[in-house]
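Data block below; observations after.
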Amino acid sequence: MTSLTIRRPDDWHLHLRDGDMLKAVLPYTSRHFARAIIMPNLVPPVVTSSDASAYRDRILAALPQDHVFEPLMTLYLTEGTSPDDVEEGARSGLIKAVKLYPAGATTNSASGVRNFDNAMPVLERMAKIGLPLCVHGEVTSPHVDIFDREAAFIEAVLDPIRRRLPELKITMEHVTTSDGIDYIKNSTANLAGTITTHHLIINRNAILAGGIRPHYYCLPVAKRESHRLALRAAATSGDTRFFLGTDSAPHVDPLKESACGCAGCFTSINTLSCLAHVFEEDDALDRLEAFVSLNGPLWYGMLPNEERITLTKKKEPVGYPDRIETQAGPVTVFDPMFRSHWDVG
Ligand code: NCD
Ligand code: ZN
């Protein structure tokens with residue numbers, strides 16, 4: 001196959017940041033994607049519907065004039081989140097999901113949830129109105145090994161929440177382990193998972209073998225090869241419960257290339273080109289559209305996009321910059337360690 005036309009994709013987990021960084025990174029998403037679930041972990045976080053409305057306005061103001069893009073806003077769940085505010089935001093159409101960060105799990109998560117009992121009134125209201133909860137599925141206990149934090153979260157947090165509130169729709173975000181994949185596959189309802197581009201491509205060796213490579217460090221951290229293979233199998237399977245959430249998370253290079261570097265891979269520039277390469281490698285190009293354009297809207301109760309995009313396989317590898325310059329500083333682009341020939345028109 002040398003050309004593939006699919007419905008315009010959506011990104012179901014994206015960090016756009018704010019200010020200069022927002023201006024610099026948004027066009028890379030909006031030129032290919034019609035919609036994206038926007039992560040609320042700004043400083044300070046997006047905690048109320050009015051915060052989300054103001055952030056949405058800033059995103060739309062930063063959009064290039066000739067791009068059509070719909071930011072799907074989320075709220076950052078805190079122990080003080082008001083169920084009424086969540087419900088009003090959802091009913092007005094502004095709020096599409098609420099994001100649960102266990103406190104301390106990742107970048108800007110200090111206001112996250114420590115005691116899950118305190119979040120139950122909001123979760124109960126969400127279950128009642130059918131608003132999905134997006135979860136960063138890692139426990140934060142220092143006693144749990146970082147490579148085991150996803151599996152521990154499923155057992156200690158996710159499964160208990162699902163037993164208490166089986167009607168709550170939960171998106172397990174950026175699944176990185178076969179434990180997560182199996183847990184989703186074995187569920188009968190109300191659970192789906194997003195998978196990032198980079199977790200389909202790298203395992204933990206990329207970060208640690210032959211030198212420490214901070215641009216491959218993200219959270220949840222990439223795991224061993226057997227887990228990557230489980231993610232690849234799920235993403236390319238066509239199973240409607242799995243879909244793309246890039247988790248593209250730009251940080252300026254000085255903050256990543258540091259003695260204590262930030263977590264996040266910046267993939268919005270080359271995500272579709274990389275994914276076409278990955279799906280072709282697994283003989284699954286015919287299922288790329290399900291992963292990037294169909295399964296996500298199905299889960300979120302939206303229609304898939306009517307517009308189409310065409311991916312074309314070129315003779316020469318497709319070029320993109322190693323890093324982009326922003327007013328906030330340089331941001332290194334995710335290097336998949338292969339050269340994709342797939343160009344997005
Ligand atoms: C994200 C960020 O930088 O905001 N980082 C990351 O490694 N994915 C936060 C997150 O989604 O965990
Ligand atoms: Zn993220």
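Atoms within each ligand, like the ligands themselves, are counted from 1 in listed order.
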Any chance the side chains of [X] and [Y] put a donor and an acceptor closer than 3.5 Å?
X      : Y      : value
Thr271 : Thr197 : yes
Thr171 : Trp299 : yes
His215 : Glu257 : yes
Gln65  : His67  : no
Asn203 : His227 : no
Thr177 : Lys223 : no

Can you tell me which residue and heavy atom of the protein come closest to [atom], and the distance to 0.1 Å?
atom                    : value
atom 5 (N) of ligand 1  : Ala263 O, 3.1 Å
atom 10 (C) of ligand 1 : Thr106 OG1, 3.4 Å
atom 7 (O) of ligand 1  : Leu219 N, 2.7 Å

Taking only heavy atoms of [X], which atoms of ligand 1 are found under 4.0 Å from at least one of them?
X      : value
His13  : 11 (O)
His136 : 12 (O)
Cys218 : 7 (O)
Ala249 : 1 (C), 2 (C), 3 (O), 5 (N)

Looking at residues at least two apart in the chain, or sitting in another chain, which of them share a salt bridge (charged side-chain N to carboxylate O under 4.0 Å, His left out) with Asp10?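 In terms of salt bridge (charged side-chain N to carboxylate O under 4.0 Å, His left out), with neighbours along the sequence ignored, Asp10 is linked to Arg35.
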
Name all residues meeting the salt bridge (charged side-chain N to carboxylate O under 4.0 Å, His left out) criterion together with Asp85; count only those two or more places apart in sequence or in a different chain, and write none if there are none. none

Is any protein N, O or S atom closer than 2.8 Å to the Zn ion (ligand 2), and if so, which? His13 NE2, His15 NE2, Asp247 OD1

Heavy atom under 4.0 Å from ligand 1: found in His251's side chain, backbone, both, or neither? side chain

When you compare ligand 1 with [X], is there at least one nitrogen or oxygen pair between them that comes in under 3.5 angstrom?
X      : answer
Tyr217 : no
His15  : yes
Asp247 : yes

Let me confirm one number: the CG-CG distance from Leu200 to Leu275, rounded to the nearest 0.5 Å.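 If we round to the nearest 0.5 Å, Leu200:CG and Leu275:CG are 6.5 Å apart.
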
Straight-line distance of Ile161 CD1 to Phe153 CZ, nearest 0.5 Å: 6.0 Å

Just to verify, what does Thr236 make a side-chain contact (heavy atoms from CB on, under 4.5 Å) with, not counting sequence neighbours?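 Result, side-chain contact (heavy atoms from CB on, under 4.5 Å) vs Thr236: Phe279, Asp282, Ala284.
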
Hey, is the main chain of Ala290 close enough, under 3.5 Å, to the side chain of Ser293 for a donor-acceptor pair?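 Not confirmed, Ser293 side chain does not pair with Ala290 backbone.
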
Sub-4.0 Å heavy-atom approach of Arg17 to ligand 1: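 Heavy atoms of Arg17 do come under 4.0 Å of ligand 1.
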
